[in-house]
Amino acid sequence: MAAGNITLTMIKPDAVRKNNIGPILGKINEAGFRIRAMKYTQLTKAQAEAFYAVHAERPFYADLVAFMTSGPIVAAILEKDNAVQEFRKLIGSTNPKDAAPGTIRQLFAEDVQNNAVHGSDSDENANIEADFHFAKTERF
Ligand code: UDP
Ligand code: MG
(Lines give C-alpha, C1' and ligand atoms only; values in the text may rest on other atoms or scores of the structure.)
(Ligands and ions follow the chains in the order given, each with its own letter.)
Protein backbone atom coordinates (compact mmCIF):
# COMPACT_ATOMS: atom_id res chain seq x y z
CA MET A 1 0.00 0.00 0.00
CA ALA A 2 1.34 3.45 -0.90
CA ALA A 3 2.34 5.67 2.01
CA GLY A 4 -0.09 8.51 2.65
CA ASN A 5 0.73 12.14 2.12
CA ILE A 6 -0.76 13.75 5.21
CA THR A 7 0.02 13.77 8.91
CA LEU A 8 -1.45 15.62 11.86
CA THR A 9 0.70 17.64 14.22
CA MET A 10 0.06 19.62 17.37
CA ILE A 11 2.52 22.14 18.76
CA LYS A 12 1.96 21.31 22.43
CA PRO A 13 1.34 23.72 25.35
CA ASP A 14 4.98 23.60 26.56
CA ALA A 15 6.30 24.81 23.20
CA VAL A 16 3.57 27.46 22.87
CA ARG A 17 4.43 28.77 26.38
CA LYS A 18 8.08 29.05 25.39
CA ASN A 19 7.19 31.10 22.30
CA ASN A 20 8.42 28.34 19.98
CA ILE A 21 5.49 28.24 17.52
CA GLY A 22 7.47 30.22 14.94
CA PRO A 23 10.76 28.28 15.19
CA ILE A 24 8.93 24.93 15.03
CA LEU A 25 6.86 26.00 12.00
CA GLY A 26 10.15 27.12 10.42
CA LYS A 27 11.63 23.61 10.83
CA ILE A 28 8.45 22.10 9.37
CA ASN A 29 8.67 24.42 6.37
CA GLU A 30 12.39 23.80 5.83
CA ALA A 31 11.71 20.06 5.83
CA GLY A 32 9.37 20.49 2.87
CA PHE A 33 5.94 20.03 4.44
CA ARG A 34 3.01 22.02 3.08
CA ILE A 35 0.40 23.29 5.54
CA ARG A 36 -3.08 22.08 4.52
CA ALA A 37 -4.94 23.26 7.65
CA MET A 38 -4.03 25.11 10.84
CA LYS A 39 -5.65 26.37 14.04
CA TYR A 40 -4.67 27.89 17.39
CA THR A 41 -6.96 26.46 20.04
CA GLN A 42 -7.14 25.01 23.55
CA LEU A 43 -8.34 21.44 23.98
CA THR A 44 -11.11 20.71 26.48
CA LYS A 45 -10.62 17.81 28.89
CA ALA A 46 -13.10 15.74 26.86
CA GLN A 47 -11.23 16.48 23.63
CA ALA A 48 -7.83 15.58 25.09
CA GLU A 49 -9.24 12.37 26.59
CA ALA A 50 -10.73 11.43 23.22
CA PHE A 51 -7.62 12.30 21.23
CA TYR A 52 -5.43 10.14 23.48
CA ALA A 53 -8.05 7.43 24.17
CA VAL A 54 -5.61 4.77 22.92
CA HIS A 55 -3.47 5.56 25.99
CA ALA A 56 -6.37 5.47 28.50
CA GLU A 57 -4.94 2.50 30.42
CA ARG A 58 -1.40 3.90 30.57
CA PRO A 59 -0.10 5.31 33.89
CA PHE A 60 0.71 8.66 32.25
CA TYR A 61 -2.79 9.23 30.77
CA ALA A 62 -4.25 11.55 33.44
CA ASP A 63 -1.09 13.68 33.53
CA LEU A 64 -1.01 13.77 29.73
CA VAL A 65 -4.61 15.02 29.57
CA ALA A 66 -3.87 17.68 32.22
CA PHE A 67 -0.77 18.79 30.30
CA MET A 68 -2.50 18.90 26.91
CA THR A 69 -5.32 21.07 28.32
CA SER A 70 -2.96 23.37 30.28
CA GLY A 71 -2.73 25.98 27.53
CA PRO A 72 -3.29 26.56 23.83
CA ILE A 73 -1.92 24.36 21.08
CA VAL A 74 -1.44 24.76 17.34
CA ALA A 75 -2.97 21.91 15.34
CA ALA A 76 -2.07 21.44 11.69
CA ILE A 77 -2.44 19.03 8.79
CA LEU A 78 0.87 18.68 6.97
CA GLU A 79 1.39 17.31 3.47
CA LYS A 80 4.45 15.59 2.04
CA ASP A 81 5.17 12.27 0.33
CA ASN A 82 5.27 9.59 3.05
CA ALA A 83 4.20 12.28 5.53
CA VAL A 84 3.75 10.15 8.67
CA GLN A 85 7.19 8.55 8.52
CA GLU A 86 8.94 11.71 7.32
CA PHE A 87 7.41 13.76 10.13
CA ARG A 88 8.25 11.18 12.82
CA LYS A 89 11.85 11.41 11.55
CA LEU A 90 11.76 15.22 11.79
CA ILE A 91 10.40 15.26 15.37
CA GLY A 92 12.58 12.49 16.85
CA SER A 93 11.94 10.06 19.71
CA THR A 94 9.14 10.56 22.25
CA ASN A 95 11.71 11.16 25.00
CA PRO A 96 13.94 14.08 23.97
CA LYS A 97 16.85 12.36 25.75
CA ASP A 98 16.70 9.78 22.95
CA ALA A 99 15.91 12.21 20.12
CA ALA A 100 18.50 12.56 17.35
CA PRO A 101 20.44 15.83 17.01
CA GLY A 102 18.59 18.47 15.01
CA THR A 103 15.16 16.93 15.54
CA ILE A 104 12.33 19.15 16.79
CA ARG A 105 12.09 17.28 20.10
CA GLN A 106 15.86 17.39 20.64
CA LEU A 107 15.80 21.14 20.00
CA PHE A 108 12.59 22.19 21.75
CA ALA A 109 11.28 19.48 24.14
CA GLU A 110 11.77 19.47 27.92
CA ASP A 111 11.03 15.85 28.85
CA VAL A 112 9.03 12.78 27.85
CA GLN A 113 5.70 14.49 28.61
CA ASN A 114 6.51 18.09 27.67
CA ASN A 115 7.85 17.05 24.29
CA ALA A 116 6.89 20.04 22.12
CA VAL A 117 5.00 18.32 19.29
CA HIS A 118 2.64 15.53 18.32
CA GLY A 119 2.97 13.50 15.13
CA SER A 120 0.56 10.82 13.87
CA ASP A 121 1.86 7.23 14.04
CA SER A 122 0.09 5.74 10.98
CA ASP A 123 -1.78 6.80 7.85
CA GLU A 124 -5.02 5.55 9.40
CA ASN A 125 -4.51 7.63 12.55
CA ALA A 126 -3.38 10.65 10.50
CA ASN A 127 -6.79 10.68 8.80
CA ILE A 128 -8.68 10.11 12.06
CA GLU A 129 -6.70 12.89 13.80
CA ALA A 130 -7.08 15.30 10.84
CA ASP A 131 -10.87 14.77 10.96
CA PHE A 132 -10.78 15.22 14.76
CA HIS A 133 -9.39 18.76 14.45
CA PHE A 134 -10.64 20.03 11.09
CA ALA A 135 -13.88 20.26 9.16
CA LYS A 136 -13.69 19.76 5.39
CA THR A 137 -14.20 23.52 4.94
CA GLU A 138 -11.06 24.21 7.02
CA ARG A 139 -8.77 22.12 4.77
CA PHE A 140 -6.99 23.58 1.74
N1 UDP B 1 3.95 10.47 27.31
C2 UDP B 1 4.24 10.65 28.66
N3 UDP B 1 4.95 9.68 29.32
C4 UDP B 1 5.38 8.55 28.70
C5 UDP B 1 5.08 8.37 27.33
C6 UDP B 1 4.36 9.34 26.67
O7 UDP B 1 3.86 11.67 29.24
O8 UDP B 1 6.02 7.72 29.34
C9 UDP B 1 3.17 11.51 26.59
C10 UDP B 1 4.03 12.32 25.62
O11 UDP B 1 3.57 13.67 25.61
C12 UDP B 1 3.76 11.62 24.31
C13 UDP B 1 2.28 11.25 24.46
O14 UDP B 1 2.15 10.88 25.82
O15 UDP B 1 4.03 12.43 23.20
C16 UDP B 1 1.79 10.13 23.58
O17 UDP B 1 2.63 9.00 23.78
P18 UDP B 1 3.16 8.15 22.54
O19 UDP B 1 3.76 6.91 23.08
O20 UDP B 1 2.05 8.01 21.53
O21 UDP B 1 4.34 9.05 21.96
P22 UDP B 1 4.46 9.88 20.59
O23 UDP B 1 3.70 9.13 19.54
O24 UDP B 1 3.90 11.25 20.87
O25 UDP B 1 5.94 9.95 20.30
MG1 MG C 1 1.79 8.43 19.53
Side-chain angles (χ1 to χ4, degrees):
M1 193 168 63
N5 64 359
I6 66 158
T7 191
L8 185 284
T9 190
M10 294 184 287
I11 300 175
K12 296 185 179 183
D14 61 315
V16 172
R17 275 193 281 276
K18 289 159 80 175
N19 221 13
N20 280 330
I21 296 173
I24 290 171
L25 289 178
K27 289 279 170 202
I28 290 171
N29 263 323
E30 284 164 25
F33 290 88
R34 189 167 84 81
I35 294 170
R36 296 277 311 276
M38 175 166 282
K39 75 172 56 153
Y40 192 32
T41 186
Q42 185 160 359
L43 297 177
T44 65
K45 184 161 183 275
Q47 284 176 317
E49 284 172 348
F51 189 90
Y52 285 109
V54 64
H55 294 308
E57 304 307 320
R58 308 285 288 279
F60 60 79
Y61 180 67
D63 281 352
L64 174 61
V65 169
F67 162 57
M68 287 302 295
T69 57
S70 68
I73 61 153
V74 174
I77 299 173
L78 306 176
E79 181 180 57
K80 190 182 184 181
D81 289 348
N82 198 13
V84 166
Q85 197 183 329
E86 288 295 301
F87 193 67
R88 297 290 304 201
K89 239 191 286 173
L90 178 65
I91 68 178
S93 301
T94 305
N95 189 333
K97 289 193 184 105
D98 305 323
T103 59
I104 289 175
R105 282 170 166 166
Q106 186 267 323
L107 291 168
F108 300 108
E110 291 170 27
D111 56 42
V112 68
Q113 176 186 82
N114 297 264
N115 62 0
V117 284
H118 170 80
S120 306
D121 64 4
S122 67
D123 291 342
E124 186 188 2
N125 284 334
N127 284 303
I128 292 169
E129 292 172 0
D131 290 344
F132 180 94
H133 281 288
F134 297 100
K136 292 278 179 279
T137 52
E138 296 176 307
R139 297 167 67 152
F140 305 96

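Whatever order the structure lists them in is the order used to number ligands and atoms, beginning at 1. Small disclaimer: the values here were computed from a predicted structure and weren't measured. Because only heavy atoms are used, hydrogens play no part in the values below, and waters and symmetry mates are left out as well, while side chains stay in.
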Hey, looking at atom 8 (O) of ligand 1, which of Phe60, Phe51, Phe67 has the closest heavy atom? Phe60
Can you tell me if NZ on Lys18 sees more than 12 non-hydrogen neighbours from other groups inside 6.0 Å? yes
Please identify which atoms of ligand 1 are closer than 4.0 Å to at least one heavy atom of Arg88. 22 (P), 23 (O), 25 (O)
How about CD on Glu124, more than 12 heavy atoms from neighbouring residues, nucleotides or ligands closer than 6.0 Å, or not? no
Write out the residue and atom name of the closest protein heavy atom to atom 10 (C) of ligand 1, then the distance separating them to 0.1 Å. Val112 O, 3.1 Å
Would you tell me which option among Val65, Thr94, Leu64, Asn115 has the nearest heavy-atom contact to atom 22 (P) of ligand 1? Thr94
Nearest candidate to atom 19 (O) of ligand 1, where distance is taken over non-hydrogen atoms, out of His55, Lys12, Arg105, Met68: His55
Salt-bridge test for Asp111 and Lys97: reply yes if a basic N is under 4.0 Å from a carboxylate O, no otherwise. no
May I ask you to decide whether Asp63 forms a salt bridge with Arg58, counting only side-chain N to carboxylate O separations under 4.0 Å? no
With a cutoff of under 4.5 Å between side-chain heavy atoms, which Ile, Leu, Val, Met, Phe, Trp and Tyr residues group with Met68? Ile6, Leu8, Met10, Leu43, Phe51, Tyr52, Phe60, Tyr61, Leu64, Val65, Phe67, Ile73, Ile77, Phe132, Phe134
